Protein chains: 2
Amino acid sequence: MPKQITIKDIAKKTHVSVATVSRVLNDSDCVTDAMRQRVMETVRELGYVPNSIAKSLKTNSTYSIGFLVPDISNHFLISIARTVEDIVSRQKYNLFLCSTGNRADRELDYLKMLLSRNVDGLILNTTGHNDDFILKMNTQIPMVLLNRQVQAEGFHGDLVDTNNHLGCYLLTKQLLSLGHRKIFVVCGPAHLSNSQERFQGFVDAMAEKGICVDEHYPYIYTGDFLMQSGMEAVNHLYEMEDKPTAILSMNNMLTVGILEQLHARNIRVPEQVSLVSYDAINNMDLMVTRPTSATFDTTAIGERLGKAILERIQNPEGENRKFIFDPTIIQGNSLGVPQT
Amino acid sequence: MPKQITIKDIAKKTHVSVATVSRVLNDSDCVTDAMRQRVMETVRELGYVPNSIAKSLKTNSTYSIGFLVPDISNHFLISIARTVEDIVSRQKYNLFLCSTGNRADRELDYLKMLLSRNVDGLILNTTGHNDDFILKMNTQIPMVLLNRQVQAEGFHGDLVDTNNHLGCYLLTKQLLSLGHRKIFVVCGPAHLSNSQERFQGFVDAMAEKGICVDEHYPYIYTGDFLMQSGMEAVNHLYEMEDKPTAILSMNNMLTVGILEQLHARNIRVPEQVSLVSYDAINNMDLMVTRPTSATFDTTAIGERLGKAILERIQNPEGENRKFIFDPTIIQGNSLGVPQT
DNA sequence: CCGCAATTTGTAAACGTATTCATTTAACGA
DNA sequence: TCGTTAAATGAATACGTTTACAAATTGCGG
């Protein structure tokens, strides 16, 4: 591999100092046009490309933003990531998309990596298992959270979230209005704020019909926000003697898993069981089963996220803000009246 | 933002030189155990996290690999990316996933960015519009190509590809065997090697039945590998007077677009038109229309890709290699006999 | 107890850039 | 022409590491 061309080389060739070259390259005003011409000439001639490693070391800013997500297969997140990328790249920032596969250890590795790579800002959709470390990093790096709160005092940063409670409340109401009472709820990890809020939305809707959802309520499955968990939930469900008549899925990955397993078991929706989903699944209109879903404007969310992190980088000491997006319920073909 | 803790700080606090600290941190052998203890003690105490920017500047290696893809929504690519990430992260490399949105200018920006960030290696699935620049970079950075050749002499690196010709040949044969002769072929950009090879597979299969596909063959649509193009192709198709009886889609994004538009126009598959697809679409078994598809083992491809780039980084001067993966045809419910 | 080798530690110079401060040059009115 | 000021350029230092080289320490046979 040939030696890379540095600012020094073009300084020598142009018979100027490295300082002037640097100034030309950074559009400093204190440089004459003739000089700019000459320098840029040799820059082109030698095919110089700046070393942003060195630049970063000096300026202590990398023009990069980390985006930590649990799952790169999640269309909701991908869609948001694309918009965020779009927004921040207009300001010359690069986005590092890091997918942890829902694993806490991987997440910690990534966090350390991003910290040691000196990213200027961080967007976090965490597993919730590294909050202590995140809190430490928080003093060093501006942060914006997506979907999940950091469960600790003293966090400094913004939150962009969907209206978890409302979404699940509405979905549950719809099931109830059809007459469903035995609703099987497939939850995400219990320690996550969004899981809790979604669950609470369910609980509150049920309570309005006088159904108490407590530790004795039988139709609860708790897993990860993964297809795998959705599949397991269905298996679990069909081992019960008193089967539920409807399923409330708390996340799109879960929903896909549930659909896959219902399909594998030849269970028809909504004839045998009704289904509602928090978050939309991809290409829904092409599906045999189109779950009635609480959906969100991922473009709007992405834009807000991108803006928020840029603003925080500009002004790290700003007040904590919350941006909550309300759901739109999309009707599918997954709802029927309960069969007994 | 508080000042970051450097090697110097922990040197001072431990009353040793920065050199020893550095040696401890890099597990150099020439350091006594007692010393290692003492240093690591203060490392933990101060919560030191190494500055990889500075490290990179000195060592001229960033332990990072760039992966340039045209579309982050493409499940085929995402699935590969996940595996690659898995492979390279075992060797402590980080993967930068960059999605160009099929735009040549964005691609060039990303290439420059990756070059200036000194990535150790590059995996490229390009638009084909920046081959000259890539050729220049090629002397600086080890590269592995995915799916698309660089159309120029003197390229140095590996290629991982699917068997484009065979895949389309087999799909076409299957349509022909059902009696289809008027096959509408939806192609990707004509300047890309994989487009060309896929098209040739189609041409050769047709030739075997004595059908000459040349500039007079009416059923050709050329677009980008995007949903949008797939939708436009369908619109184009249904403005023809002598309608084709089958569609061959050359890529999964195109296929989704085609399905969407067929659905929007209420055209039934396979009753009104048959469909085959190069590449599988996601969650196919949940779809109303399951296109018969040439599919590929993305895990195997990802593993090969990851291994290849790591090997190239180890030994940049190695021979050019080609790894071609054969298709598996999955039968869907998208095929019927031609309706006249 | 000395001397020499082997091991461990320290010193200092890089890596490529930005930037302060000093210096040179240009501009211009008197 | 000269002096003054403003503008352009250069010299030198620093960013946080690694690493060649030098120096110090240790071990050990005599």
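Numbered from 1 within each chain, the chains take letters A, B, ... in sequence-line order. Computed from a prediction, not measured in an experiment: that's the story for all the values here.
- Contact between the side-chain N/O atoms of A:Ser22 and the OP1/OP2 oxygens of C:dA18 is found at a separation under 4.0 Å.
- In this structure, B:Asp33 atom CG and D:dT26 atom C1' are separated by 16 Å, rounded to whole Å.
- Taking atom CD1 of B:Ile7 as the reference point, atom P of D:dC15 lies 14 Å away to the nearest angstrom.
- Residues satisfying the side chain to side chain contact (heavy atoms under 4.5 Å, CB included) test with B:Lys58, not counting sequence neighbours, are none.
- Atom-to-atom, CG of A:Asp9 to P of C:dG16 comes out at 8 Å; the value is rounded to the nearest Å.
- Below 30°, between 30° and 60°, or above 60°: for A:Phe96 and B:Phe96 the angle between ring planes is below 30°, a parallel geometry.
- Here B:Asp33 pairs with B:Arg36 under the salt bridge (Lys or Arg N to Asp or Glu O under 4.0 Å) rule; sequence neighbours left out.
- Every residue meeting the side chain to side chain contact (heavy atoms under 4.5 Å, CB included) condition with A:Lys322, not counting sequence neighbours, appears here in chain and number order: A:Gln149, A:Leu159.
- Direction change of the helix axis from one end of the helix from C:dC1-D:dG30 to C:dA30-D:dT1 to the other is 50°, with five pairs defining each end axis (rounded to 10°).
- When the options A:Asn102, A:Thr126, A:Asn130 are evaluated for a side chain to side chain donor-acceptor pair (under 3.5 Å) with A:Glu107, the one that passes is A:Asn130.
- Following rounding to the nearest Å, B:Gln37 (CD) and C:dT9 (P) show an atom-to-atom distance of 13 Å.
- For the pair A:Ile10 CD1 and C:dA18 P, the computed distance is 11 Å after rounding to whole Å.
- When each of C:dG16, C:dA18, C:dA14 is scored by its nearest atom to the side-chain atoms of A:Lys55, the top-ranked nucleotide is C:dA18.
- In terms of the salt bridge (Lys or Arg N to Asp or Glu O under 4.0 Å) criterion, residue partners of A:Glu311 (sequence neighbours excluded) are, by chain and number, A:Arg304, A:Arg321.
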Might you list the N or O atoms of the protein lying below 3.5 Å from N or O atoms in nucleotides 6-11 of chain D, with each pair's distance?
from	atom 1	to	atom 2	distance (Å)
D:dT9	OP2	A:Thr32	N	3.1
D:dG10	OP2	A:Ser17	N	2.8
D:dG10	OP2	A:Ser17	OG	3.2
D:dG10	OP2	A:Thr20	OG1	2.7
D:dG10	N7	A:Arg23	NH2	2.7
D:dG10	O6	A:Arg23	NH1	3.3
D:dG10	O6	A:Arg23	NH2	3.3

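- Counting only residues at least two apart or in different chains, salt bridge (Lys or Arg N to Asp or Glu O under 4.0 Å) contacts with residues 68-89 of chain A comprise A:Glu85-B:Arg106, A:Asp86-A:Arg90, A:Asp86-B:Arg106.
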Might you list the N or O atoms of the protein lying below 3.5 Å from N or O atoms in nucleotides 22-27 of chain C, with each pair's distance?
none

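- For B:Arg148, the salt bridge (Lys or Arg N to Asp or Glu O under 4.0 Å) test picks out no residue, with sequence neighbours left out.
- In terms of the side chain to side chain contact (heavy atoms under 4.5 Å, CB included) criterion, residue partners of B:Ser56 (sequence neighbours excluded) are, by chain and number, A:Ile53, B:Thr62.
- Applying the side chain to side chain contact (heavy atoms under 4.5 Å, CB included) rule to B:Thr298 yields the partners B:Phe76, B:Ser79, B:Ile80; only residues at least two apart in sequence or on another chain are considered.
- When each of B:Lys58 and A:Tyr48 is assigned the nucleotide of DNA chain C with its nearest heavy atom, B:Lys58 is the one assigned upstream, toward the 5' end.
- Between the P atom of D:dT18 and the CG atom of B:Asn60 lies a distance of 14 Å, rounded to the nearest Å.
- Between B:His129 and B:His191, the two ring planes are tilted [angle within 30° to 60°].
- Put simply, CD1 on B:Ile5 is 16 Å from P on D:dC15, counting in whole angstrom units.
- For D:dC15, neither phosphate oxygen OP1 nor OP2 lies less than 4.0 angstrom from any side-chain nitrogen or oxygen of B:Asn51.
- One can place CG of B:Leu57 at 12 Å from P of D:dT19, the figure rounded to the nearest angstrom.
- The list of salt bridge (Lys or Arg N to Asp or Glu O under 4.0 Å) pairs with a residue in residues 126-139 of chain B, not counting sequence neighbours, is empty.
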